[in-house]
**Q** 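Sharing a structure, written as structure tokens. Questions coming.
To find a chain, count down the sequence lines: A is the first, B the second, and so on, and within it residues start at 1. Because the structure is predicted, anything quoted here is derived from the model rather than measured.
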There are 2 protein chains.
Amino acid sequence: MAVTIKDVARLSGVSISTVSRVINDSKPVSKEVKRKVLEVIEEIGYKPNEIARTLVTKKSYLIGVIVTDLADSYVADMVRGIEEIGKMYNYDILLCSTYGDKEAELKYIQLLNRKQVEGMILISSTIDEEVDKEIDQYDIPFVYLSRYSKSTKYPTVSIDYHFASYEMTKYLISLGHRKIGFVGYLEDEDSTQYEKLNGYIRAMEETGLDPSFIYKTKGLNIHEGYDALDNSVLDHALTALFCSNDKIALGALNYCYDNKINTPEDISVVGFGDIPIASLIRPKLTTIKEPFYDMGAVAIRRIIKDLSKEVSEEKHIKLPYQIQKRDSSKKIELEKYKDKE
Amino acid sequence: MAVTIKDVARLSGVSISTVSRVINDSKPVSKEVKRKVLEVIEEIGYKPNEIARTLVTKKSYLIGVIVTDLADSYVADMVRGIEEIGKMYNYDILLCSTYGDKEAELKYIQLLNRKQVEGMILISSTIDEEVDKEIDQYDIPFVYLSRYSKSTKYPTVSIDYHFASYEMTKYLISLGHRKIGFVGYLEDEDSTQYEKLNGYIRAMEETGLDPSFIYKTKGLNIHEGYDALDNSVLDHALTALFCSNDKIALGALNYCYDNKINTPEDISVVGFGDIPIASLIRPKLTTIKEPFYDMGAVAIRRIIKDLSKEVSEEKHIKLPYQIQKRDSSKKIELEKYKDKE
DNA sequence: TTGAAAGCGCTACCAA
DNA sequence: TTGGTAGCGCTTTCAA
């Protein structure tokens, strides 16, 4: 059995109240008593039991974090942000992975609540009503870090996907590209994928270009980006491909490599996200840098603010992003462009 | 205030003992009473407070996991293994990142203990005595998932780095390579990097080859792999480079790319680890697949076994690995080989 | 099969 | 400045 506050009290000849006071520095304690108590604590290696503490104070210093899959580097990045900032406020992270299973999500929300977490952050693949309903039952701060933007009454942290996408498309156009394809996973209309698509469409239409070169993937992974492409890329003489995320872009890049389409000479390929690998592959991928770490950091800051009863700022926080111009996109050469026209 | 067991007891007209019995299914309770209690629980949405439970049962169902950095994909993989298996036994993960700071490591070991974790897994960049001493103070199961192999009295889970490295070198030799360089981070003699180096040396010497083409990096990251190389690669007419980890191999690959040395035509480059990116880049990297997920899984299994007082198997568990032969390594062409001789 | 009560380790109140 | 004590929400004896 570990040593408890009682042992300390007994050994230093004071009451447990006094011991409690010195370890919490909560009320004045005379110098000598304090010294003695500290001495005993040091000697017998007493460490307060946080569980007992939590039971009475109601402060667990625990934040529940439910993620889809840590293997996604952007998820890991978000968790890093959450954890690092949380630590600054003495909060610890209780981690659960759902692997996209909605039932698991529901289950973990309950579980974490039973474990008395003070707040929860959900990095989810979906936002759905059942989850909302479940969260409703608990009275703790909650933030969505979702790739879906369907309106929810709970706070979210994200970037302006539509505008980012619009800007990226404009950038490609400014490079001289006219026939620009969009590659994305267009399954769920509430997904950010659709926001990205719409940004693309708006930019194309504004410039009087044809926004109909759309390649639908069957998922968000590399091989699905690869599989979504076919000969029509060449047939349509596309000179640029805007992929809705970096993994899909990687797939596109590999498709080009395998089909002897040179990047960026023959075709520019750009992504979205800026996961670590984007700047490691050759050619380095032009993409939109999403501030994943910051999203995590902001999410937990928001929770900590809520916890301290500070008035919360806006509900849906949008963070800045950046277009990372790298080697996979290139100004179109005029002659070549004319050839293809 | 959340509803407690008292509310349930009052509303269903029984004692809290009885309620406790039905929620835990610990002692016989008459059918009607049980039904009634369950009904009330459902109605008012009672959820047991795990903190209170832990205080009396001493079971927190919490495993502390201290990692270096989640951004390293292998770390994330290990954590996945830990979490998934842990969940099967109802264990949750309390996550802390040290970013290589030993002080933080020590601090978190204490913190997690105060939070009453039942076991701890340390994914560390080092194994050192201070940490060992700190762990000594607590009486909970502990497993090292370290990249260092210095002997420690605590259980470890790893692979046989020496032999894996030996085998990989032999594989390169079997491909016809004779001038094989080793690229690694040889700072700390207790590091697994040295085990890998020794595996390389043994294989080379056994075959009567010169094992002195050693490139020392200044760290384990891509750019450090890149920076470790120089013209001597060409001068020595090396035909293969064995890199002590995948990131370093990536750096080597990039170095070759930038210096117009074709991989694998001019030089074979192989790595160690098989992080996700290894099979995504082109050419796909030949490497040794370390079972990161399994290492995590085995580590937590070991802890759970310890917890259930089962007799523990061997202390230092070695897991199988695989050589992944991919596109960055290639049989040497005889004519070319002769040219270079 | 049930209830009363002790107690887990701690904080916080009240009284001295 | 100190000590006594109630009580956090629960499990687990012990007795009925």
**Q** Check whether any side-chain N or O of A:T18 sits under 4.0 Å from OP1 or OP2 of D:dT2, and answer yes or no.
**A** no
**Q** Drop me the distance from A:M295's CE to A:K318's NZ, to the nearest 0.5 angstrom.
**A**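 The NZ atom of A:K318 is 9.0 Å from CE of A:M295, to the nearest 0.5 Å.
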**Q** Does the cation-pi check pass for B:K315 over B:Y154, that is, NZ or CZ under 6.0 Å from the six-membered ring centre and within 45° of its axis?
**A** no
**Q** Which residues in residues 31-45 of chain B have at least one heavy atom lying under 4.0 Å from any atom of DNA chain C?
**A** B:V33
**Q** Should A:S30 be listed as having a side-chain N or O under 4.0 Å from OP1 or OP2 of D:dT1?
**A**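 So the side chain of A:S30 is outside the cut-off, no N or O lying under 4.0 Å from OP1 or OP2 of D:dT1.
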**Q** Indicate yes or no: does B:R80 engage B:D77 in a salt bridge with an N to O separation below 4.0 Å.
**A** yes
**Q** Can you identify which nucleotide, out of D:dG3, C:dA4, C:dG9, has its nearest atom closest to the B:R21 side chain?
**A** C:dA4
**Q** Step by step, work out the side-chain hydrogen bond (donor to acceptor under 3.5 Å, both in side chains) result for B:Y293 and B:E84.
**A** CA-CA 10 Å; B:Y293 177 95; B:E84 260 189 291; 2.8 Å; yes
**Q** Rounded to whole Å, how long is the line connecting atom NZ of B:K59 with atom P of D:dC10?
**A** 19 Å
**Q** Whole-Å distance between D:dC8 P and B:E50 CD?
**A** 19 Å
**Q** By nearest atom, which of the nucleotides C:dG3, D:dC10, C:dG9 is closest to the A:T4 side chain?
**A** C:dG9
**Q** Give the rounded distance in Å between these two atoms: CZ of A:R53 and P of C:dC8.
**A**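 A:R53 atom CZ is separated from C:dC8 atom P by 18 Å.
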**Q** In terms of side-chain heavy atoms of B:S17, which of C:dG3, D:dT11, C:dC10 is nearest?
**A**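 The answer is C:dG3, which lies nearest to the side chain.
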**Q** Could you tell me how far apart A:I51 (CD1) and D:dG7 (P) are, to the nearest whole angstrom?
**A**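 My rounded result for the distance is 23 Å.
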**Q** Taking the nucleotide of DNA chain D with the nearest heavy atom to each, does B:A52 or B:K27 sit closer to the 5' end?
**A**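 Its nearest nucleotide lies further toward 5', so the answer is B:A52.
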**Q** For B:K58 and D:dC10, what is the distance between atoms NZ and C1' respectively, to the nearest whole Å?
**A**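 Nearest whole value for this atom pair: 12 Å.
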**Q** Between A:M120 and A:N113, is any pair of side-chain heavy atoms under 4.5 Å apart?
**A** yes
**Q** Any side-chain N or O of A:N24 under 4.0 Å from OP1/OP2 of C:dT11?
**A** yes
**Q** So, OP1 or OP2 of C:dA4: does either fall under 4.0 Å of a side-chain N or O from B:S15?
**A**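 For C:dA4, neither OP1 nor OP2 has a side-chain N or O of B:S15 closer than 4.0 Å.
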**Q** Select from B:V29 and B:V56 the residue whose nearest nucleotide in DNA chain C is closer to the 5' end of that strand.
**A**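 Between the two, 5'-proximity favours B:V29.
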**Q** Taking atom C1' of D:dC10 as reference, at what distance in whole Å does atom CZ of A:R114 sit?
**A**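 About 13 Å, once rounded to whole Å.
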**Q** Between A:E39 and A:R35, is there a side-chain N and carboxylate O pair less than 4.0 Å apart?
**A** yes
**Q** Measure the angle between the two terminal helix axes of the helix from C:dT1-D:dA16 to C:dA16-D:dT1, five base pairs each, and quote it to 10°.
**A**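 End-to-end axis angle: 40°.
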**Q** Answer yes or no for A:K59 and A:Y91: cation-pi contact, defined as NZ/CZ to six-membered ring centre under 6.0 Å and angle to ring axis within 45°.
**A** no
**Q** Please assess A:R114 against A:L111 for the test side chain to side chain contact (heavy atoms under 4.5 Å, CB included), listing each intermediate value before the final yes or no.
**A** CA-CA 5 Å; A:R114 292 201 277 110; A:L111 176 69; 3.9 Å; yes
**Q** Return whichever of B:L55 or A:I16 has its heavy-atom-nearest nucleotide of DNA chain C closer to the 5' end.
**A** B:L55
**Q** How many angstroms lie between atom CZ of B:R53 and atom CD1 of A:I51, to the nearest 0.5 angstrom?
**A** 13.0 Å
**Q** Just by distance, do the side chain of A:E118 and the backbone of A:S60 share a donor-acceptor pair under 3.5 Å?
**A**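 Yes: the side chain of A:E118 pairs with the backbone of A:S60.
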**Q** Any side-chain N or O of A:K6 under 4.0 Å from OP1/OP2 of C:dC10?
**A**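 A:K6 to C:dC10 OP1/OP2: no side-chain N or O under 4.0 Å.
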**Q** B:S20 near the nucleic acid: base, sugar-phosphate alone, or nothing, with a heavy-atom cut-off under 4.0 Å?
**A**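 Since a base atom lies under 4.0 Å of B:S20, the category is base.
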